[in-house]
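Below you'll find the structure, written out as structure tokens, and then a few comments.
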Amino acid sequence: MSLKQFSQRLYYMPKPSRWSKGIGAELPQEYKKFWREWKLQEPTAVHYIKQEGKYVRNEATEEVRPVQNIPIPLLYPKEFHQGIWGGEAIIQGFKKKHIYARRAPHFWFPSLKKSVVYSEVLDKYMSVIVTNRTIDLINEHYGFDHYLLKTPACDLKSELALKIKRQILLTLADKTLYPTDPNKREEIYAKYKEYLTAYTREEIEWYGLTYNEACKKWINQKQASNQEVKPLKLQYRSELIEKLKEEEIKVAEEIVAKSPVWKLKWNPFANSKSD
């Protein structure tokens, strides 16, 4: 290591984040694993064609240039988390009406529609806002459940999609699907149980939660664990001591009542010479 690199490391101040202190630093690794999959993992390219390799050659000009897969900046409004957009989002850019006109700001919006999807594991029909790409992906995966379970959190992105995926995983892990039909339960469970191998039960418990929801869950668990559990032996010991005290007082009262000393008529504190 050179002197310059050593000095840079010596004076390096790490940037504080939500994970370096406070409740975020105390959150379990199971939730941090989900957060990395949701926020840090690179999503699938939707609005541009990703090129493979490090260099690309132009066949017409024979020019060789490095490959630059730069994701397009996307906008996610609050309505995004109330539907399942299949990786699509709002694009902000510029547009020209003709070659001699000045470019003007423009927004490209995905085509949204209300559709009904069916979850085979939950046995529920749900009305959600989707895009054409969402419908195509559901058809490619041969079902809504397969689409959610096979797609990572960085591609689902939507809080609604992650909440439904979490409920599906919990239902499979606890095997609470189709409570009134055991045959159907075993059939559907055998169909989707392979997806449980990628998660532990604790990871499923923290999967699909927002940062605020995870903090509230951690605070509630911490408060519940900090409540001191009083052993029963201490309770029985205190009750026994109280009973012994009561019996001792009763015995003392009986002894005093039967003792002839307290029945003397003369006063022991009187002066004998005066008599």
Side-chain angles (χ1 to χ4, degrees), residues 15-19 24 31-115 117 126 128-144 146-166 198 207-214:
K15 185 179 180 181
S17 65
R18 66 177 69 190
W19 310 109
Y31 181 73
K32 293 179 180 179
K33 177 184 176 182
F34 162 72
W35 183 268
R36 289 191 295 268
E37 179 187 340
W38 185 24
K39 297 294 185 178
L40 303 181
Q41 185 173 328
E42 184 181 357
T44 304
V46 177
H47 299 92
Y48 68 99
I49 300 176
K50 185 176 181 180
Q51 297 179 343
E52 302 296 335
K54 294 183 179 180
Y55 298 94
V56 60
R57 180 180 179 180
N58 191 336
E59 298 296 337
T61 62
E62 296 186 354
E63 179 186 3
V64 178
R65 57 183 178 83
V67 173
Q68 296 180 350
N69 291 314
I70 302 176
I72 299 176
L74 303 175
L75 301 178
Y76 299 98
K78 63 179 182 179
E79 292 80 8
F80 170 82
H81 294 287
Q82 300 173 2
I84 305 175
W85 291 14
E88 296 189 57
I90 299 175
I91 301 175
Q92 180 183 6
F94 295 92
K95 186 177 182 181
K96 281 187 175 183
K97 293 185 179 180
H98 53 84
I99 59 175
Y100 299 107
R102 179 177 294 180
R103 64 177 188 173
H106 186 76
F107 291 89
W108 285 267
F109 296 89
S111 178
L112 303 178
K113 60 181 67 177
K114 183 178 287 187
S115 181
V117 295
M126 291 167 279
V128 295
I129 303 297
V130 297
T131 62
N132 292 331
R133 188 172 189 273
T134 306
I135 297 176
D136 294 339
L137 290 173
I138 293 174
N139 294 331
E140 288 178 9
H141 288 84
Y142 302 100
F144 181 64
H146 286 295
Y147 163 63
L148 293 181
L149 294 173
K150 286 184 179 180
T151 307
C154 60
D155 290 335
L156 293 175
K157 199 77 175 180
S158 167
E159 294 178 6
L160 175 63
L162 294 173
K163 290 289 190 299
I164 298 175
K165 183 177 180 179
R166 178 178 184 270
Y207 196 93
L209 300 180
T210 63
Y211 180 76
N212 292 335
E213 292 172 347

If I compare all heavy atoms of [X] with all of [Y], which pair ends up nearest, and what's the gap?
| X | Y | answer |
| --- | --- | --- |
| Arg57 | Val64 | CG-CG2, 4.1 Å |
| Asn69 | Tyr48 | CB-CE1, 4.4 Å |
| Ser115 | Val130 | CB-CG2, 3.7 Å |
| Gly83 | Ser158 | O-OG, 2.5 Å |
| Phe34 | Ala153 | CE1-CB, 4.0 Å |
| His47 | Ile72 | O-CD1, 3.3 Å |

Spatial distance of atom [atom1] ([X]) from atom [atom2] ([Y]) [nearest 0.5 Å]:
| X | Y | atom1 | atom2 | value |
| --- | --- | --- | --- | --- |
| Glu42 | Asp155 | CD | CG | 10.0 Å |
| Thr131 | Glu88 | OG1 | CD | 4.0 Å |
| Trp38 | Leu156 | CH2 | CG | 11.0 Å |
| Lys54 | Gln68 | NZ | CD | 14.5 Å |
| Leu162 | His81 | CG | NE2 | 9.0 Å |
| Lys50 | Ile70 | NZ | CD1 | 13.0 Å |

Geometric class of the [Y]/[X] ring pair [parallel <30°, tilted 30-60°, perpendicular >60°]:
| X | Y | answer |
| --- | --- | --- |
| Phe80 | Trp85 | perpendicular |
| Tyr147 | Phe144 | tilted |
| His106 | Trp108 | perpendicular |

Under the side chain to side chain contact (heavy atoms under 4.5 Å, CB included) criterion, do Leu74 and Ile91 qualify, and how do the steps go?
-> CA-CA 5 Å; Leu74 303 175; Ile91 301 175; 3.8 Å; yes

Compare all side-chain heavy atoms of [X] with those of [Y] and state whether any distance is below 4.5 angstrom.
| X | Y | result |
| --- | --- | --- |
| Ile164 | Met126 | yes |
| Asn58 | Arg65 | no |
| Trp35 | Arg18 | yes |
| Pro105 | Phe94 | yes |
| Ile84 | Ile129 | no |
| Pro110 | Ile90 | yes |
| Gln41 | Arg36 | no |
| Gln82 | Leu160 | no |

Does Lys95 NZ have over 12 foreign heavy atoms under 6.0 Å away?
-> no

Does OH belonging to Tyr142 count more than 12 external heavy atoms closer than 6.0 Å?
-> no

Evaluate ring-ring contact (aromatic ring centres under 6.0 Å, His included) for Trp19 paired with Tyr211, printing each intermediate quantity in order.
-> CA-CA 11 Å; Trp19 310 109; Tyr211 180 76; 5.6 Å; yes

For a side-chain contact (heavy atoms from CB on, under 4.5 Å) with Ile138, tell me which candidate from Thr134, Ile135, Asp136 qualifies.
-> Thr134

Partner of Tyr207 under side chain to side chain donor-acceptor pair (under 3.5 Å), chosen from Arg166, Lys163, Glu37 | Glu37

